[in-house]
Amino acid sequence: MPVGTAGSVKGIHQQELLNDINAPIILGNTYHLYLRPGLDTIRGAGGLHRFMNWDRSILTDSGGYQVFSLAANRELKPEGAWFRSHIDGSKHLFTPENIVDIQRIIGADIIMAFDECTPWPCDLKYAKSSLDLTHSWLDRGLEQFATTEPLYDHNQAFFPIVQGSVFKDLRKESAEFVAEKGAVGNAIGGLSVGEPADEMYAMLEVVNSILPEDKPRYLMGVGTPVNILVAISLGVDMFDCVMPTRNGRNGMLFTRHGIINIKNRKWMDDFSPIDTDGHSYVDMQYSKAYLRHLIISGEMLGAQIASLHNLAFYLWLVRKAFEEIRSGTFTAWKEKMIPALSTRL
RNA sequence: GGGGAGAUACCAAAGUGGCCAACUGGGGUAGACUGUAAAUCUACUGUCGUACGACUUCGGAGGUUCGAAUCCUUCUCUCCCCA
């Protein structure tokens, strides 16, 4: 199995973190797997377990999110998406086919389909035409995946992505379209792009009533600790998000007791450990006051410590959720946790 | 001892009669960040009030003027050059 990092400092630290706490994880800001929350029972990760080592895997994204986030620098065509490089202005065509090829080359254990992540708000007409495009791209990606081979000595999985904005009918249509493909895992995209959380939850309910229960359901780009617990309760198994690292770099620490903005003056003279309940070596090693000083001073070490803390917290959160599910106490635990997680310390 | 320059809000630094409660940085305070062009971005930052606004500010004192951070007099302090 490949040891997955994106080659970044971030990735390396995550790897160290993994060695440290031995948690199931997919690298690249993706944390955890295989849950069966709705029924409070454990589920294996479907066919994936047959060839995947969850401790050492790579998940790569397709660039579909960049179709959304870099909208100003791209042009959408039926054949694919043209991106203009912000570095030298050169143009590059991303297609459902070459995106599969690229992820094959990287050696990703999980390859994501190329899709359009629709913005929010988004009118029904646009969402519908976008969904049609995403579906046609999905068929092309699946075809490319089926007609090519892994380049290395491990298998690769291809995850389709459900879209449909915040429209239940479209989400239903998309989930059915995706489920029909019989992939070893399925993803839910196009959420947490600005819509109210309740709308996201409503979409998850619709989609998860259709996506197969015995295959991982991967909610892309989510989210806050509360978002994750709610999504787990709605049947999601797998997440990824920039939040622990980006928000960490900007001074936000997530803990089981609530959220700390370490830049706040109130922590200036607080020399207690960052998190006495934490699971990363940084938590007892450094004080809040010191971390605050590092972040405020713009020291890279501060961003690293905060990121490590947050990643460890996120991993603890999903592992704990896993244990609570296993012992049949997830729902009660979740209800108790949500108010704490939302608290501003 | 002689000559010159300068003193602006927490710091630095614009402004050189009305558009100045005073540009811009920094600092400070708070907020945002959800499949990472993001070690980023936003707001506020004299006092009181939610706000229209009111009141006190540009080294000190005095003066000119309808009106002064800006002009005049004087005092205090700082820096530079020559002895």
Side-chain angles (χ1 to χ4, degrees), chain A residues 6 8-11 13-14 26-31 58-74 83-89 92 99 103 108 110-120 134 159-163 185-197 199-201 204 217-231 236 238-254 259-268 291-292 294-308 310-311 314 341 344:
Chain A
S8 66
V9 170
K10 191 167 67 182
H13 276 129
Q14 287 174 312
I26 299 176
L27 292 182
N29 287 331
T30 302
Y31 22 88
I58 304 174
L59 180 151
T60 48
D61 195 16
S62 60
Y65 186 72
Q66 282 61 40
V67 171
F68 156 76
S69 68
L70 271 39
N73 286 328
R74 56 85 173 152
F83 285 93
R84 182 176 289 282
S85 166
H86 68 286
I87 296 178
D88 62 6
H92 305 271
I99 286 295
Q103 293 179 93
I110 297 178
I111 290 172
M112 298 308 302
F114 192 49
D115 65 339
E116 181 190 3
C117 176
T118 48
W120 185 87
T134 287
F159 279 27
I161 305 172
V162 172
Q163 286 289 343
N186 299 294
I188 305 160
L191 293 173
S192 68
V193 288
E195 80 284 1
E199 293 210 47
M200 171 169 75
Y201 301 150
L204 290 180
R217 298 195 282 223
Y218 164 29
L219 176 57
M220 306 185 76
V222 175
T224 66
V226 171
N227 287 161
I228 287 173
L229 292 192
V230 174
V236 173
M238 181 176 157
F239 306 87
D240 81 288
C241 191
V242 305
M243 193 165 275
T245 49
R246 179 188 291 169
N247 288 33
R249 287 196 298 277
N250 294 325
M252 184 181 282
L253 305 178
F254 299 97
I259 295 166
I260 292 174
N261 182 348
I262 200 67
K263 291 194 284 193
N264 286 171
R265 187 180 199 89
K266 63 198 291 189
W267 309 112
M268 185 165 71
L291 177 57
R292 176 178 186 273
L294 290 174
I295 298 250
I296 282 181
S297 307
E299 289 284 351
M300 196 58 202
L301 179 59
Q304 293 172 322
I305 291 171
S307 294
L308 286 169
N310 280 345
L311 286 168
Y314 268 63
L341 292 171
R344 290 289 185 140

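Lettering of chains follows the sequences in order, A, B, ..., and the numbering in each one begins at 1. Below, each value reflects all heavy atoms present in this structure, side chains not excepted, and no hydrogens, waters or symmetry copies.
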Atom pair distance, as rounded to whole Å: [atom1] in [X] and [atom2] in [N]:
| X | N | atom1 | atom2 | result |
| --- | --- | --- | --- | --- |
| A/Y314 | B/G35 | OH | C1' | 14 Å |
| A/L229 | B/U34 | CG | P | 19 Å |
| A/L311 | B/U34 | CG | C1' | 14 Å |
| A/I262 | B/G31 | CD1 | P | 13 Å |
| A/N227 | B/C33 | CG | C1' | 13 Å |
| A/F239 | B/U34 | CZ | P | 17 Å |
| A/I295 | B/A30 | CD1 | P | 14 Å |
| A/L253 | B/C33 | CG | P | 16 Å |

Mapping A/S62 and A/R292 to their closest nucleotides on RNA chain B, which lands nearer the 5' end? A/R292
Nearest-neighbour nucleotide for the A/R265 side chain, B/G35, B/C33, B/U29 considered: B/U29
Determine the Euclidean distance between corresponding [atom1] atoms of [M] and [N]; express it in Å to zero decimal places.
| N | M | atom1 | result |
| --- | --- | --- | --- |
| B/U76 | B/G27 | C1' | 30 Å |
| B/U74 | B/A21 | C1' | 28 Å |
| B/U57 | B/A5 | C1' | 25 Å |
| B/A22 | B/C58 | C1' | 8 Å |
| B/G67 | B/U56 | P | 16 Å |
| B/U64 | B/C72 | P | 15 Å |
| B/C55 | B/U78 | P | 37 Å |
| B/A61 | B/U50 | P | 33 Å |

For B/G35, does the base pair up with any side-chain atom of A/Q163 as donor and acceptor (N or O, under 3.5 Å, distance only)? yes
Taking protein heavy atoms under 4.0 Å as touching, what does nucleotides 37-43 of chain B look like 5' to 3' if B marks base contact, S marks sugar-phosphate-only contact and - marks none? BBBB---
Report the secondary structure of RNA chain B in dot-bracket form, marking unpaired bases with a dot and bases paired to a different strand with |, and treating Watson-Crick or G-U pairs with both distances under 3.5 Å as paired. ((((((((.[[[..)..(.....]]]((((((.......))))))(((....)))...[[[[[..)....]]]]]))))))).
Pick base, sugar-phosphate or nothing for [X], based on heavy-atom distances below 4.0 Å to the nucleic acid.
| X | answer |
| --- | --- |
| A/N261 | sugar-phosphate |
| A/I161 | base |
| A/G190 | base |

Does A/N264 make a side-chain N or O approach to OP1 or OP2 of B/G31 shorter than 4.0 Å? yes
B/A30 OP1/OP2 closer than 4.0 Å to side-chain N/O of A/R344: no
Please list, chain by chain and in numerical order, all residues satisfying side chain to side chain contact (heavy atoms under 4.5 Å, CB included) with [X], sequence neighbours excluded.
| X | result |
| --- | --- |
| A/N73 | none |
| A/N250 | A/R246 |
| A/L301 | A/Y290, A/L294, A/Q304, A/I305 |
| A/S297 | A/H293, A/E299 |

Please list, chain by chain and in numerical order, all residues satisfying side chain to side chain donor-acceptor pair (under 3.5 Å) with [X], sequence neighbours excluded.
| X | answer |
| --- | --- |
| A/N227 | A/Y201, A/T224 |
| A/S192 | none |
| A/Q103 | A/T60 |

Any protein N or O atoms within reach of nucleotides 24-27 of chain B? Criterion: under 3.5 Å, listing atom names and distances.
none

Where the side chain of [X] meets the backbone of [Y], is there a donor-acceptor pair that is under 3.5 Å apart?
| X | Y | answer |
| --- | --- | --- |
| A/N261 | A/M252 | no |
| A/R344 | A/I259 | no |
| A/R249 | A/S307 | no |

Could you tell me whether the side chain of A/F159 reaches within less than 4.5 Å of the side chain of A/M238, counting heavy atoms only? yes
Does some side-chain heavy atom of A/W267 sit less than 4.5 Å from a side-chain heavy atom of A/L291? no
Are A/V162 and A/N186 close enough, and set up right, to give a side-chain contact (heavy atoms from CB on, under 4.5 Å), and what steps lead you there? CA-CA 8 Å; A/V162 172; A/N186 299 294; 5.7 Å; no
